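Chain A is the first sequence line, chain B the second, and so forth, proteins listed ahead of strands; every chain is numbered from 1. Computed from heavy atoms alone, side chains included, the values below leave out hydrogens, waters and symmetry copies. Model, not experiment: these values are computed from the prediction.
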Amino acid sequence: MESSSENLVKTLLRNPSSIKTKSQAKQLHAQIVKTRGSRSVSLATIILGVYSDLNLLKESLEVFNNFRYVPTKAWKSVVRCYSCNGYFRDSLACFVEMRGWGKLPGSDVFPSVVRACTHLKELRVGESVHGCVIRFGMESDLYTGNALMNMYAKLQVSSHDYHVLDEIPQSDRVYSRRSSLTQDSEIGILRNELIMSEKSHFESLSGRRVKNATGLDSVSKIFQMMPDKDVVSWNTVIGGNVQSGLYEEALERLREMSNAYLKPDCFTLSSVLPVFARHVNVLKGKEIHGYAIRHGFDKDEYIRSSLIDMYATCTRVEDSYRVFNLLSEKDDVSWNSIIAGCVQNGTFVEGLGLFRQMLAANVKPVEVSFSAILPACAHLTTLHLGKQLHAYIIRVGFDQNMYIASSLVDMYAKCGKIMTARWIFDRMDIHDSVSWTAIIMGYALNGHAREATILFENMQHDKIKPNAVAYLAILTACSHAGLVDEGWNYFTSMNRYGVSPELEHYASIADLLGRAGRLMEAYKFINDMPIKPTGSIWATLLSACRVHKNVELAEKVAKEMSTADPGNMGPYLLLSNMYSAAGRWKDASKLRTNMKKKGMRKPPACSWIEVRNQVHAFVSGDTSHPYYDQIHVALRDLYERLKQEGYVPQISEALHDVDEEQKSDLLYTHSERLAIAFGIISTPAGTTIHIIKNLRVCVDCHTAIKFISKIMGRDIIVRDNSRFHHFKDGNCSCGDYW
DNA sequence: ATAGGGTTAG
């Protein structure tokens, strides 16, 4: 009996990996202590190895702490065990101490150490470890190589940020943004020890990091140098390429992978699905979905989240919903995918609803959740929701996240709170082209063209090259302020900076010329464009014709427009309004009858206002609001005071063939006036009134609101469908130019 | 040792 168990112990000690459970390991340990005591260093090392391989941290540490002299193998076991249990700081600390004792690391410990660096987001430490790997000739180890690729894929900055970081010591940047450990003195000391002792890999190679002389990123470079590669290696390099936006490379790798007779698996598929989603059409995406189903991958939760995203990116949100509803367990990623899908496809209210459902389902929102939902508040101009989200963001400490900060800037700007937007912008520690563009567009929409141009220049001083969207922002600023020459200069400079103008830029210039009254120039510009003009470009010119009362050109443009975009009722509507304004009632009514025959209906003018966290909507001529009587009284009162101040209604804007009295009646039932009157009676004196309108403000309302701001001593901010008007002391920020 | 979701666009 005694000898047979002794034989078993011997067999097990010769082959420790045959121990598969905790109780087996503990029994063996107990047996050894019983028969041979606990003094044998080599036996303890074997036991520690067994515990460590089974991820038993507590047991491993008990053995480890009993050593008086720690053998190399024991160090390695503990480093591994710490890392596997998520104690990355301890793993690194142990590794540093082990190196301090002069112990030689190997392929059995590097993967864990690299993994610890990855999780701790310690790129510089990781690079030092990489240097160490090279020095010990372990770069050809499969597992170490895979771990290193994974680390660089996760921690290196993506290639489009690159120019920002080129000129600045990158270590500073990486720590200030990515590391949560900057203030952690313990790891700080650790880091310094490591960096002092192990020379950073890329510093020793070229002094240049991330990208190097070969033009390859670190991930691809390691991949190329690896002598043995398995599916994990391929998946990691493909995932890394996708993360850095190197889509072509990723797909090329995928082809090479098949040529190497390796079968793509779940990991491969969920890494490349986003590429198909963004660069190939729905059909290709469906094909991939089919492939996933045939190979049984579609039950994988990761694949499903990717599919939700893919269908949403291809504007097929219904299909996203279908996949989403199939999920048995919905985690944060699947929620965020469907929410982002809604928001990106313009169904903002649904997006907000899903966000609430996610919270109700006790799924904690992460950074991505907020940057996905904030644009919904921006587009809906629901400041109270945006503020609530902002408060939440501050409480959980996400306010320095680039994506979140940029969407907060955008949200506040779109809600007319340009100063708050600026405040957040100024407090960001790094700006990228997106955050710059958000603030520039914010100033543009709020009518502060000067500030927009200054920021546009500052952006370039900050070494950010303007891209197509940034140009669109600055052109918008110019066109809203009537800065024709500046706008034209920016437009012509685009090619010099390697940005080729697209349809939107041409549209913006056409708008710029048209608004400025240079109608014929605009007409010629549109006709001479290298791109076929669309209905919407003609529409901007048409509305310019209306503002500058050029009926002849308007008729011509309306014709062009209905050819370019036959289903659009815009031209009829505008033209009919112009006929009305010019007193050509017959032409107007003929056109309207025609529209009715074609089944076209005019969207109702609508304005809304937030009072005490509630949205109140008013349609033109609306009498259904519970406080309508008070609103009506307030409007009459206002009208009297306006008249005393010298306000004269511009009845041509009433656009209907009715007698004078009715015209002025129509004038003070416009939806924005209802909303403003309600705002005045339901908020304390002096409070700024924010109004949102779905159509452009008419000339008469614009004049009236200027008077109201003066008489009532109120700032009134009106966002119409293209910009903001800040009314103050009888003036408007648009300078009567809109 | 590997995977999915995010910001600007009249």
Should A/D53 and A/S17 be marked as a side chain to side chain contact (heavy atoms under 4.5 Å, CB included) after you check the CA-CA gap, both sets of side-chain angles, and the distance that decides it? CA-CA 8 Å; A/D53 286 344; A/S17 61; 5.7 Å; no
Have a look at [X] and say if it touches a base, only the backbone sugar-phosphate, or nothing, with a 4.0 Å heavy-atom cut-off.
{"X": "A/D410", "result": "sugar-phosphate"}
{"X": "A/S508", "result": "nothing"}
{"X": "A/V114", "result": "nothing"}
{"X": "A/A507", "result": "nothing"}

Polar side-chain contact [X]-[N] base: donor and acceptor under 3.5 Å:
{"X": "A/D331", "N": "B/dG4", "result": "yes"}
{"X": "A/S271", "N": "B/dA3", "result": "no"}
{"X": "A/D300", "N": "B/dG4", "result": "no"}
{"X": "A/S305", "N": "B/dG4", "result": "yes"}
{"X": "A/S371", "N": "B/dG6", "result": "yes"}
{"X": "A/T236", "N": "B/dT2", "result": "no"}

Listed nucleotide nearest any side-chain atom of [X], set [options]:
{"X": "A/S270", "options": "B/dA3, B/dT7, B/dG6", "answer": "B/dA3"}
{"X": "A/V368", "options": "B/dG6, B/dA1, B/dG4", "answer": "B/dG6"}
{"X": "A/A147", "options": "B/dA1, B/dG6, B/dT8", "answer": "B/dA1"}
{"X": "A/V469", "options": "B/dA1, B/dA9, B/dG6", "answer": "B/dA9"}
{"X": "A/L472", "options": "B/dG4, B/dT2, B/dG10", "answer": "B/dG10"}
{"X": "A/D230", "options": "B/dA1, B/dA3, B/dG10", "answer": "B/dA1"}
{"X": "A/E301", "options": "B/dT7, B/dG6, B/dG4", "answer": "B/dG4"}
{"X": "A/M441", "options": "B/dT2, B/dG10, B/dT7", "answer": "B/dG10"}

Using whole Å, what does the distance between atom [atom2] of nucleotide [N] and atom [atom1] of [X] come to?
{"X": "A/R723", "N": "B/dA9", "atom1": "CZ", "atom2": "P", "result": "16 Å"}
{"X": "A/N467", "N": "B/dA9", "atom1": "CG", "atom2": "C1'", "result": "10 Å"}
{"X": "A/I439", "N": "B/dT7", "atom1": "CD1", "atom2": "C1'", "result": "14 Å"}
{"X": "A/I430", "N": "B/dT7", "atom1": "CD1", "atom2": "P", "result": "19 Å"}
{"X": "A/L142", "N": "B/dT2", "atom1": "CG", "atom2": "P", "result": "12 Å"}
{"X": "A/H119", "N": "B/dA1", "atom1": "NE2", "atom2": "C1'", "result": "10 Å"}
{"X": "A/K330", "N": "B/dG4", "atom1": "NZ", "atom2": "C1'", "result": "16 Å"}
{"X": "A/W335", "N": "B/dG4", "atom1": "CH2", "atom2": "C1'", "result": "17 Å"}

OP1 or OP2 of [N] under 4.0 Å from side-chain N/O of [X]:
{"X": "A/Q344", "N": "B/dG6", "answer": "yes"}
{"X": "A/K414", "N": "B/dG10", "answer": "no"}
{"X": "A/N150", "N": "B/dT2", "answer": "yes"}
{"X": "A/K154", "N": "B/dA3", "answer": "yes"}

Run A/I373 and A/V343 through side chain to side chain contact (heavy atoms under 4.5 Å, CB included) and show every step you take. CA-CA 7 Å; A/I373 196 62; A/V343 174; 4.1 Å; yes
Could you verify whether a donor N or O on one side chain and an acceptor N or O on the other, from A/N85 and A/N55, lie under 3.5 Å apart? no
Atom pairs and distances, donor-acceptor, side-chain atoms in residues 106-117 of chain A, under 3.5 Å, two or more places apart:
from   : atom 1 : to    : atom 2 : distance (Å)
A/D108 : OD2    : A/K76 : NZ     : 3.3
A/R115 : NH2    : A/S83 : O      : 3.1

Stacking here means centres under 5.5 Å and planes under 30°; does A/F267 stack on B/dT2? yes
Which of A/R422, A/H480, A/H448 passes side chain to side chain donor-acceptor pair (under 3.5 Å) with A/Y443? It is A/R422
Would you indicate whether the side-chain heavy atoms of A/S733 and A/F724 approach each other to under 4.5 Å? no
Using the side chain to side chain donor-acceptor pair (under 3.5 Å) criterion, which residues pair with A/D298? Sequence neighbours excluded. none
